[in-house]
2 protein chains.
Amino acid sequence: MRSITHPVAEQLSLPGVLHALSDPVRLAIVGALRDGAELPCGMLSVPVSKSTLSHHLKVLRDAGLTLTRVEGVQRHVSLRAEDVERRFPGLLRSVLPHSSASAAA
Amino acid sequence: MRSITHPVAEQLSLPGVLHALSDPVRLAIVGALRDGAELPCGMLSVPVSKSTLSHHLKVLRDAGLTLTRVEGVQRHVSLRAEDVERRFPGLLRSVLPHSSASAAA
DNA sequence: ATCCTAGTTCGAGATGCATCGAACTACGGC
DNA sequence: GCCGTAGTTCGATGCATCTCGAACTAGGAT
């Protein structure tokens with residue numbers, strides 16, 4: 001297993017972030033992580049196989065939207081709400097309407 | 001040439017809109033249309049061929065982001081800022097930061 | 001050591017997308 | 001009618017993406 005890498009906030013590109021958010025599965029994942037929730041991959045209830053979920057989480061991570069933290073045998077995923085808000089103010093809020101999007105944190 | 005159709009505001013899907021916005025060329029087009037500008041296709045200075053531009057405009061139109069109005073021999077394109085704002089409040093503003101995005105119109 | 005659980009990586013298949021040039025349509029002017 | 005301009009549609013090409021199952025890795029429990 002290769003080490004997990006995250007782009008720095010300044011590297012986030014708007015097309016990249018929008019593309020990452022343009023898939024229903026990934027949008028559901030981001031929705032499950034609103035309000036600062038941190039969940040292990042397995043707690044994300046999306047209707048895809050384990051390998052597909054792993055792929056989507058990599059896309060979100062590479063786009064700079066999520067942070068993956070290793071804890072024992074599992075990986076905890078959370079939204080990089082602050083970084084995204086700093087780069088693209090208001091974006092998370094507009095994409096996750098029924099939530100504070102933790103953007104003010 | 002088939003007749004030009006536009007989806008009604010209620011049909012706009014968030015993944016669809018985000019996907020339409022996730023291409024740099026289309027993002028540039030939307031940027032050129034901010035603040036209520038209405039331009040003929042040819043006035044959009046993007047570095048792609050005519051057929052590719054036509055394709056991108058169709059993607060934006062089908063996603064519900066733009067309105068195409070026929071006037072003589074040319075097609076005038078404009079942002080459906082009000083409709084998008086009603087469906088996804090704040091989205092245009094966050095994607096077109098250096099502009100009012102005409103969303104309050 | 002053995003096993004289980006959690007998740008990643010590796011092909012592979014099917015689909016979608018961006019791009020182009022060429023052919024086409026439609027309107028306006030001469 | 002004839003031509004030019006504006007834009008669309010039609011393949012075709014090459015690349016990206018979504019999806020899966022199978023094989024793999026790594027940590028924890030027994």
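Chain naming here is simple, since letters A, B, ... match the order of the sequence lines and numbering starts at 1 in each.
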Tell me which nucleotide among dA6(C), dT8(C), dC20(D) gets nearest to the side chain of Val48(A). dC20(D)

Check this for me: does the side-chain of Ser51(B) come within 3.5 Å of the base of dG21(C) through a donor and an acceptor? yes

Listing request: all salt bridge (Lys or Arg N to Asp or Glu O under 4.0 Å) pairs with a residue in residues 7-29 of chain B, at least two apart in sequence or in separate chains. none

Residue-level proximity of residues 62-72 of chain B to DNA chain C when a heavy atom falls under 4.0 Å: Gly72(B)

Closest nucleotide among dT19(D), dT19(C), dT8(C) to the His55(A) side chain: dT19(D)

Is a side-chain N or O of Ser54(B) found less than 3.5 angstrom from the main chain of Ser51(B), in a donor-acceptor match? no

d(CG, Leu57(B); P, dT9(D)) in whole Å: 12 Å

Value for CD (Glu85(B)) from CG (Leu91(B)), rounded to nearest 0.5 Å, stands at 8.5 Å

Using whole Å, report how far NE2 of His76(A) lies from P of dT8(C). 12 Å

How long is the straight-line distance from CZ of Arg75(A) back to CG of Leu67(A), given to the nearest 0.5 Å? 13.0 Å

Rounded to the nearest 0.5 angstrom, the CG-OG1 distance for Asp83(A) and Thr66(A) is 11.5 Å

Write down the atom of Ala81(B), the atom of Leu92(B), and the distance for their closest heavy-atom approach. CA-CD1, 3.7 Å

Could you grab the distance from atom CD1 of Ile29(B) to atom CG of Leu57(B), nearest 0.5 Å is fine? 4.5 Å

Pairwise distance CG(Leu18(B)) to OG(Ser22(A)) - rounded to 0.5 angstrom: 6.5 Å

Every protein N/O within reach of nucleotides 12-14 of chain C N/O, cut-off under 3.5 Å:
none

Show your working on side-chain contact (heavy atoms from CB on, under 4.5 Å) between Leu33(B) and Val77(B) and close with a plain yes or no. CA-CA 8 Å; Leu33(B) 297 176; Val77(B) 185; 3.7 Å; yes

Does anything in residues 14-23 of chain B reach DNA chain D, meaning a heavy atom under 4.0 Å, and if so which residues? none

Spacing between Lys50(A) atom NZ and dA23(D) atom P, to the nearest angstrom: 14 Å

Whole-Å gap separating C1' (dG7(C)) and CD1 (Ile4(A)): 9 Å

Hey, what do you get for OG (Ser45(A)) to CG (Leu39(A)), rounding to the nearest 0.5 Å? 9.0 Å

Can you find a side chain N or O atom of Thr52(B) that sits less than 4.0 Å from OP1 or OP2 on dT19(C)? no

Which is more 5' along DNA chain D, the nucleotide nearest Ser49(A) or the one nearest Gly42(B)? Just name the residue. Gly42(B)

Expressed as a whole number of angstroms, how long is the span from Gln74(A):CD to dA29(D):C1'? 14 Å

With ILVMFWY side chains joined below 4.5 Å, transitively, what does Val73(A)'s cluster contain besides itself? none

Could you state the CG-C1' distance from Leu44(B) to dT8(D), rounded to the nearest angstrom? 15 Å

Lys58(B) NZ - dA6(D) C1' separation (whole Å): 18 Å

When you measure from the side-chain N and O atoms of Arg75(B) to the phosphate of dA26(C), is any distance below 4.0 Å, counting only OP1 and OP2? no

From the options dT8(D), dA6(D), dC18(D), select the nucleotide whose nearest atom is closest to the side chain of Arg26(A). dC18(D)

In the hydrophobic cluster built from side-chain contacts under 4.5 Å, what are the other members alongside Ile4(A)? Val70(A)

Checking contacts here: which listed nucleotide (dT8(C), dG7(D), dT19(D)) is nearest the side-chain heavy atoms of Val25(A)? dT19(D)

Can you check the Leu39(A) CG to dA6(C) C1' distance for me, whole Å? 15 Å

